[in-house]
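Below: one structure, written as structure tokens.
Order of listing sets the numbers, starting from 1, for every ligand and every atom in it.
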Amino acid sequence: MKDHPILKAARGEKTDYTPVWIMRQAGRYSAKYREIRAKAGSFMDLCRNPELAAEVTLLPIEEIGVDAAILFSDIFVPVEKMGINIEFVSGKGPVLSPVVRTVEDVKNLSIPVPEDDLSYVLETIKIIKDHLTDRPLIGFSGAPFTLASYILEGGSTKDYRAAKTTMWNNSELWQALMDKLTVVVTEYLSSQIKAGVDLVQIFDSWMGVLSAEDYEKYVFPHTKKIVDILKERHPDTPIIHFGVNSSHLIEVNNLLDVDVIGLDWRTEIPFALGRTDKSIQGNLDPVALFADEKVIEEKVRKIVIEGLRARGHIFNLGHGILPQTDPEKAKFLVETVHRISREVR
Ligand code: CP3
């Protein structure tokens, strides 16, 4: 397993082809996923069911031939165990309650013990690892800022008003919440690694809404702490750091001891290569999978060739695959990345 192309690319070693996986690869675009999801009940029920979550995790390996599986779960899974109720309301997205507003509210949040409170996630990992012997399993967590934004807003937001004003006006509350989330995320990821995941991705999906100055001051130290502790405890487990719309943060994130920087489609790979010496993950626009095959092929070729200039490259979409995507196009993408990346080496 140590020599699988994804792990080699993460470490910056040469590979025979560019490995590929897709964010949200086990999701609604797959008919089989929708069938299993209907059987499970709600989305969170599916996350809590180790047998079904493992089955769903493995689907894209067979259906589209990706080089790695990513644990089927959600960034809200540990948040729920902090004592916050999560509901997915159609047309509105996630709704979190109660909304955190005071230092006292933060004090009332629990720090889940993964081995007890999240044992179903660790059980899911063990089942997957029993079946998946030839490819890596990716674990993940949301990062403190992205989680804090939902906890303070109570759901999705366009302007991040609650998160930003808390950050600026109420440093005691911000610090208390970020400190707590830092512990939660560190222990959650560490437990996933102990249970068997081969690499982890930290989703700080919304960090790009912050200026570089605010990010450096209010967010970066927390992510750095998580990464430093993980690297000390698990030096051989690669870490991917990902956020959308965050090309202005690449230089500061290059100071993290992570192995891979994930890019969305807005950031050109050469732009990133001037600003980071890490391996690169990404970054085809998810909407490209609705274009003609010829277009997909051209875009893949460009990304693969640019990726060869990085110390290592893991192909991915720039964000999650859209639910309306034709599964055949996802399969075509994986085949095309494999074929073209062998040709151009
Ligand atoms: O890449 C993966 O497949 C790993 C699993 C994963 C999911 N969501 C599965 C999922 C990961 C890493 C996430 C990330 C996530 N989840 C974020 C970070 C932002 C991002 O997209 O990068 C956030 C904010 C969430 C919370 C969440 N979960 C939202 C906003 C939604 C969509 C809600 C809606 O109304 O559509 C979900 C649902 C979700 N998470 C699905 C999947 C496969 C769809 C589940 C379903 O309805 O069957």
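- With hydrogens left out, the protein atom closest to atom 35 (O) of ligand 1 is Gly93 CA, 4.0 Å, a heavy atom.
- Under a 4.0 Å heavy-atom criterion, Lys92 is not in contact with ligand 1.
- Contact annotation for His319 and ligand 1: only side-chain heavy atoms (C-beta onward) come within less than 4.0 Å of the ligand.
- Remark: minimum distance from atom 5 (C) of ligand 1 to any protein heavy atom is reached at Ser73 O, 3.5 Å.
- The distance from the CD1 atom of Ile340 to the CZ atom of Arg345 is 12.0 Å, given to the nearest 0.5 Å.
- Applying the 4.0 Å criterion to heavy atoms of Phe203 picks out, from ligand 1, the atoms 12 (C), 22 (O).
- Using a 4.0 Å cut-off between a side-chain N of Lys or Arg and a carboxylate O of Asp or Glu, Arg301 and Glu298 do not qualify as a salt bridge.
- Between Asp45 and Arg48 there is a salt bridge, since at least one side-chain N of the basic residue sits less than 4.0 Å from a carboxylate O of the acidic one.
- Partner of Glu187 under the salt bridge (charged side-chain N to carboxylate O under 4.0 Å, His left out) criterion, out of Arg233, Lys180, Lys81, Lys194: Arg233 alone.
- Counting atoms of ligand 1 from 1 in the listed order, those under 4.0 Å from a heavy atom of Ala26 are 43 (C).
- Protein heavy atom nearest atom 29 (C) of ligand 1, with residue, atom name and distance: Phe88 CE2, 3.8 Å.
- An N or O contact shorter than 3.5 Å links Tyr33 to ligand 1 by distance.
- Near Ile70, with a cut-off below 4.0 Å to any heavy atom, the atoms of ligand 1 are 1 (O), 2 (C), 3 (O), 4 (C).
- Comment: Arg161 engages Asp159 in a salt bridge, judged by a side-chain N to carboxylate O separation of less than 4.0 angstrom.
- Residue-ligand proximity: Thr146 is placed with every non-hydrogen atom at 4.0 Å or more from ligand 1.
- Residues Lys217 and Glu213 are not paired through a salt bridge, judged by the lack of any N-O separation under 4.0 Å between the basic side chain and the carboxylate.
- Of all atoms in ligand 1, numbered sequentially from 1 with element shown, those under 4.0 Å from a heavy atom of Met23 are 1 (O).
- Considering CG of Asp236 and CG of Leu199, their distance stands at 12.5 Å, rounded to 0.5 Å.
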inquiry  = Is there a side-chain hydrogen bond (donor to acceptor under 3.5 Å, both in side chains) between Thr182 and Asp179? Walk through the geometry before answering.
reply    = CA-CA 5 Å; Thr182 296; Asp179 282 348; 5.3 Å; no
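- Contact annotation: for Arg24 versus ligand 1, heavy atoms closer than 4.0 Å belong to both the backbone and the side chain.
- In this structure, the protein non-hydrogen atom closest to atom 38 (C) of ligand 1 is Phe43 CE2, 3.7 Å.
- Taking a cutoff of 4.0 Å between a charged side-chain nitrogen and a carboxylate oxygen, Glu268 and Lys302 qualify as a salt bridge.
- Summary of contacts: the protein heavy atom closest to atom 19 (C) of ligand 1 is Ser205 OG, 3.1 Å.
- Between Glu87 and Lys92 there is no salt bridge, since none of the side-chain N atoms of the basic residue sits less than 4.0 Å from a carboxylate O of the acidic one.
- Below 4.0 Å from some heavy atom of Phe76 lie the following atoms of ligand 1, by number and element: 26 (C).
- Counting only non-hydrogen atoms, the option in Leu46, Ile36, Asp204, Ile75 that gets closest to atom 25 (C) of ligand 1 is Ile75.
- Against a heavy-atom cut-off of under 4.0 Å, Phe72 is close to the following atoms of ligand 1: 43 (C).
- Thr57 contributes atom OG1, which lies 3.5 Å from atom CD1 of Ile128 (distance to the nearest 0.5 angstrom).
- In summary, the atoms of ligand 1 found under 4.0 Å from a heavy atom of Tyr150, numbered by their order in the structure, are 24 (C).
- Considering CG of Asn253 and CZ of Arg275, their distance stands at 13.5 Å, rounded to 0.5 Å.
- Summary of contacts: the protein heavy atom closest to atom 40 (N) of ligand 1 is Asp74 OD1, 2.9 Å.
- Look at Pro94 and you'll find a heavy atom under 4.0 Å from some atom of ligand 1.
- A centroid separation of 6.0 Å or more is found between the aromatic rings of Phe76 and Phe43.
- Counting only heavy atoms of the protein, atom 47 (O) of ligand 1 lies nearest to Arg37 NH2, 3.1 Å.
- The part of Arg28 lying near ligand 1 is the side chain, judged by heavy-atom distances below 4.0 Å.
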